[in-house]
Structures are given as C-alpha cells and as structure tokens.
S.K.: 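My questions all concern the structure below.
Bear in mind that the values here come from a model prediction, so they are computed numbers and not experimental data. Sequence positions, counted from 1, serve as the residue numbers for this chain.
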Amino acid sequence: MHDLSVPWVLDTHSQMLATPGEPADLDAEGDAGAAHWVVRNHHFNRQLWLAEDEARRTDVADAVIVRCKRAIDRYNQQRNDAVERIDECLLAAYADVELQEGARQHSETPGAMIDRLSILALKIHHMHLQSLRSEAGPEHVRRCSDKLAVLQQQRSDLASCLTQLLLELGAGTACCRVYRQFKMYNDPALNPALYGATLRAAA
C-alpha cells in the first residue's frame with residue numbers, strides 16, 4: 001500500500017546519522033513517495049539540530065547567531081513540510097480502506113510520529129557520543145549512559161505505537177487526517193513583525 005515500514009524508518013534514521021553528507025535526490029519532488037519524505041524530514045531535523053547547537057555559542061559575533069536563527073527557521077519549515085507530505089502519501093495509500101463501525105480518530109498522524117522517531121534517533125546518537133567521553137569523567141559517562149537507555153526505550157515504545165497505528169489504518173479501525181501546521185512566523189503576509197515593517201516603510 002505504501003513504500004515504507006517501521007523497521008525501515010528506524011534503520012534509515014540510524015544509517016543517515018552514521019553517514020555524513022546530504023542524501024541523494026534530496027530535492028526530488030513530483031511523485032516521490034513516503035520514503036523520500038522520511039529521508040527529507042530526517043535530513044532537516046539533523047540540520048536543525050546542528051544549527052540549534054551553533055546558536056547557543058557565546059564566543060562568536062551576534063551576526064553569526066542571527067544567521068543560525070534564520071537557518072533554524074528555514075530547516076524547521078522544511079522539516080514540517082516533509083511531515084505533511086509523509087502523511088499525504090500514507091493517507092492516500094489508505095484512501096480505499098473502508099472505515100469500520102466505531103473506528104477511532106487518531107489525533108497524532110504517522111508523519112508526526114515519524115518526526116518524533118527522527119528526533120529520538122538524533123538524541124540517541126548524540127547521547128551515545130556523550131557516553132563515550134571518558135575525559136568528561138565517570139559521572140558524566142554514567143549519567144549519559146542512563147539517559148541513553150531511557151531514550152532507547154522511548155524509541156522502541158514509539159515504534160511499536162506507530163506499527164499499531166499503521167495496522168489499524170490498514171484495517172479501517174482507526175483514521176486520521178493531514179494536520180496542517182500553517183506556520184505563520186515564516187510568512188511575510190501573516191507575521192505582523194514582517195508585514196508591519198513593509199507598511200511602515202511605505203507610510
């Protein structure tokens with residue numbers, strides 16, 4: 001019905017974090033399926049993570065932080081756009097499934113859950129690196145190792161919930177719809193700080 005499975009999503013997230021660089025065909029559009037948008041979502045989550053780290057620096061000029069903030073806004077928009085495209089692809093694949101009587105409405109979409117799995121993969125990756133920092137001392141290593149175990153359990157739990165939701169969508173016992181984010185801060189027609197500046201300049 002669609003081109004992805006939960007184990008594939010988990011493996012893809014991990015493999016991308018182990019492989020530096022930009023994924024092939026990142027900008028493909030057209031008839032790209034859900035798998036393409038999973039990769040795109042994870043890529044921009046990874047870029048967002050790096051930009052957020054840089055934005056916390058205190059040893060650089062303010063202009064650097066401004067550039068980080070602009071990048072964060074851009075990556076966040078691209079990440080959310082990919083979530084919506086994942087849901088569009090998946091729900092289109094289930095479009096012909098007949099809803100069963102009493103089918104429940106699920107408030108969180110598969111795309112949103114995949115986005116959360118992406119973020120958990122990032123947390124696991126970076127917490128693992130922290131757990132290897134012997135120069136930071138044994139207490140740091142212990143705390144990070146404990147947190148790593150919790151993150152891995154959370155990822156396993158969420159993966160199980162996503163598997164169950166996809167089964168229920170396929171069986172017609174659950175349904176959901178694409179939830180549009182309508183991010184207003186990036187839109188110069190909707191952000192009063194942006195269109196206000198234009199109006200003031202024209203006055």
S.K.: Given side-chain hydrogen bond (donor to acceptor under 3.5 Å, both in side chains), test Asp115 with Asn45 step by step and report yes or no.
M.R.: CA-CA 8 Å; Asp115 182 58; Asn45 271 331; 2.9 Å; yes
S.K.: Side chain of Ser156, backbone of Gln153: donor and acceptor closer than 3.5 Å?
M.R.: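 Not at all, since once roles are kept as given, no pair shorter than 3.5 Å links the two residues.
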S.K.: If you define the side chain from C-beta out and look only at heavy atoms, does anything of Asp81 sit under 4.5 Å from Arg85?
M.R.: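 When only atoms from C-beta onward are counted, Arg85 and Asp81 do not touch, as no gap falls below 4.5 Å.
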S.K.: Distance check, rounded to the nearest 0.5 Å: Ile114 atom CD1 versus Leu4 atom CG?
M.R.: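 One gets 5.5 Å once the value is rounded to the nearest 0.5 Å.
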S.K.: Answer yes or no: is there an ion pair linking Lys69 with Asp73, defined by an N-O contact shorter than 4.0 Å?
M.R.: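 Here Lys69 pairs with Asp73 in a salt bridge, since their nearest N and O are under 4.0 Å apart.
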S.K.: Apply ring pair (Phe, Tyr, Trp, His ring centres under 6.0 Å) to His106 and list each qualifying residue two or more places apart in sequence or on a separate chain.
M.R.: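 Residues passing ring pair (Phe, Tyr, Trp, His ring centres under 6.0 Å) with His106: none at all.
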S.K.: Does the side chain of Thr12 reach to within under 4.5 Å of the side chain of His42, using non-hydrogen atoms?
M.R.: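 Heavy-atom side-chain distance check fails, nothing below 4.5 Å.
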S.K.: Under a 3.5 Å distance rule, please check whether Ser145 uses its side chain to pair with a backbone N or O of Val141 as donor and acceptor.
M.R.: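 Present.
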S.K.: Decide whether Asn76 and Tyr185 meet the rule of one side-chain donor and one side-chain acceptor closer than 3.5 Å.
M.R.: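 The criterion, which ignores hydrogens and geometry beyond distance, is satisfied for Tyr185 and Asn76.
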S.K.: Where do Pro110 and Leu90 come nearest, in terms of heavy atoms and distance?
M.R.: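 It is CB-CD1, 3.5 Å.
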S.K.: Strictly distance-based, threshold 3.5 Å: is any side-chain N or O of Arg79 a donor or acceptor partner for the main-chain N or O of Gln47?
M.R.: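 Checking the backbone N and O of Gln47 against the side chain of Arg79, no donor-acceptor pair under 3.5 Å is found.
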S.K.: Would the number of heavy atoms belonging to other residues, nucleotides or ligands and lying under 6.0 Å from CZ of Arg133 be above 12?
M.R.: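 More than 12 within 6.0 Å, yes.
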S.K.: Thinking salt bridges, do Arg142 and Asp146 make one under a 4.0 Å N-O criterion?
M.R.: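 Looking at Asp146 together with Arg142, the answer is yes, because their closest N to O distance falls below 4.0 Å.
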S.K.: Can you check whether Asn186's main-chain N or O pairs, donor with acceptor, with Asn191's side chain at less than 3.5 Å?
M.R.: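 No: the side chain of Asn191 does not pair with the backbone of Asn186.
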S.K.: Check Ala189 against Tyr195 and note the closest heavy-atom contact, atom names and distance.
M.R.: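 For Ala189 versus Tyr195, the nearest heavy atoms are O-CD2, 3.6 Å.
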S.K.: Report yes if the side chains of Val150 and Gln154 come closer than 4.5 Å at any heavy-atom pair, otherwise no.
M.R.: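 SC-SC contact between Val150 and Gln154 confirmed.
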S.K.: With the side chain counted from C-beta on, respond yes when Thr109 and Met113 share a heavy-atom pair under 4.5 Å apart, and no when they do not.
M.R.: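 Sidechains of Met113 and Thr109: no contact.
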S.K.: Hey, what do you get for CG (Asp187) to CD (Gln77), rounding to the nearest 0.5 Å?
M.R.: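 Asp187 CG to Gln77 CD: 8.5 Å, rounded to 0.5 Å.
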S.K.: Salt bridge between Glu108 and Arg116, side-chain N to carboxylate O under 4.0 Å?
M.R.: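 Yes, charged N to carboxylate O under 4.0 Å.
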S.K.: When rounded to the nearest 0.5 angstrom, what is the spacing between CE in Met127 and OG in Ser131?
M.R.: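 Going from CE on Met127 over to OG on Ser131, the span is 9.0 Å.
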S.K.: Which heavy-atom pair separates Ala55 from Ile72 by the least distance, and what is that distance?
M.R.: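 Nearest pair, atom of Ala55 first, then Ile72: CB-CD1, 4.0 Å.
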S.K.: If two hydrophobic side chains count as joined below 4.5 Å and joins carry through other members, does Trp8 share a cluster with Leu169?
M.R.: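 Yes, Trp8 connects to Leu169 through the hydrophobic network.
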S.K.: Could you tell me the separation between the NE2 atom of His126 and the CH2 atom of Trp49, rounded to the nearest 0.5 Å?
M.R.: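 The CH2 atom of Trp49 is 5.5 Å from NE2 of His126, to the nearest 0.5 Å.
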S.K.: Look at the side-chain heavy atoms of Ile, Leu, Val, Met, Phe, Trp and Tyr, link any pair under 4.5 Å apart, and say whether Ile86 and Tyr94 land in one connected group.
M.R.: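 Yes, because Ile86 and Tyr94 connect within a single hydrophobic cluster, where side-chain heavy atoms sit under 4.5 Å apart.
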S.K.: With clusters defined by side-chain heavy atoms of hydrophobic residues (ILVMFWY) lying less than 4.5 Å apart, directly or transitively, does Leu162 cluster with Val83?
M.R.: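 No: no chain of side-chain contacts under 4.5 Å links Val83 to Leu162.
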S.K.: More than 12 non-hydrogen atoms from neighbouring residues, nucleotides or ligands closer than 6.0 Å to CD on Glu135, yes or no?
M.R.: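 It does: Glu135 CD has more than 12 such atoms within range.
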S.K.: Please report the interatomic distance CZ(Arg70) to CD1(Ile65), rounded to the nearest 0.5 Å.
M.R.: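 Nearest 0.5 Å value for the CZ-CD1 distance: 12.5 Å.
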S.K.: Verify the cluster assignment for Ile119 and Leu158: are they in a single hydrophobic cluster under the rule of side-chain heavy atoms below 4.5 Å apart?
M.R.: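 Different clusters: Ile119 never reaches Leu158 through Ile, Leu, Val, Met, Phe, Trp or Tyr contacts under 4.5 Å.
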S.K.: Do Leu122 and His13 make a side-chain contact, defined as non-hydrogen atoms from C-beta onward lying under 4.5 Å apart?
M.R.: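 Of all side-chain heavy-atom pairs linking His13 with Leu122, none is under 4.5 Å.
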S.K.: I need the Leu151 CG to Cys144 SG distance, nearest 0.5 Å.
M.R.: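 Atom-to-atom, Leu151:CG and Cys144:SG are 10.0 Å apart.
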S.K.: Side chains of Gln164 and Ser160: closer than 4.5 Å at any heavy-atom pair?
M.R.: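 Of all side-chain heavy-atom pairs linking Ser160 with Gln164, none is under 4.5 Å.
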S.K.: Keeping the roles fixed (side chain from Ser14, backbone from Leu10), state whether a donor-acceptor pair exists under 3.5 Å.
M.R.: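 Yes; judged by distance alone, with no hydrogens or angles, the pair exists.
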S.K.: Show me the side-chain donor-acceptor pairs of residues 170-182 shorter than 3.5 Å, one per line, residues at least two apart or across chains.
M.R.:
from: Thr173; atom 1: OG1; to: Glu168; atom 2: O; distance (Å): 3.4
from: Arg180; atom 1: NH1; to: Glu84; atom 2: OE1; distance (Å): 3.2
from: Arg180; atom 1: NH1; to: Glu88; atom 2: OE2; distance (Å): 2.7
from: Arg180; atom 1: NH2; to: Glu88; atom 2: OE2; distance (Å): 3.2

S.K.: Taking a hydrophobic cluster as the set of Ile, Leu, Val, Met, Phe, Trp and Tyr residues connected by side-chain heavy atoms closer than 4.5 Å, whether directly or through intermediates, do Leu120 and Met16 fall within one such cluster?
M.R.: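 Yes, Leu120 and Met16 fall within the same hydrophobic cluster.
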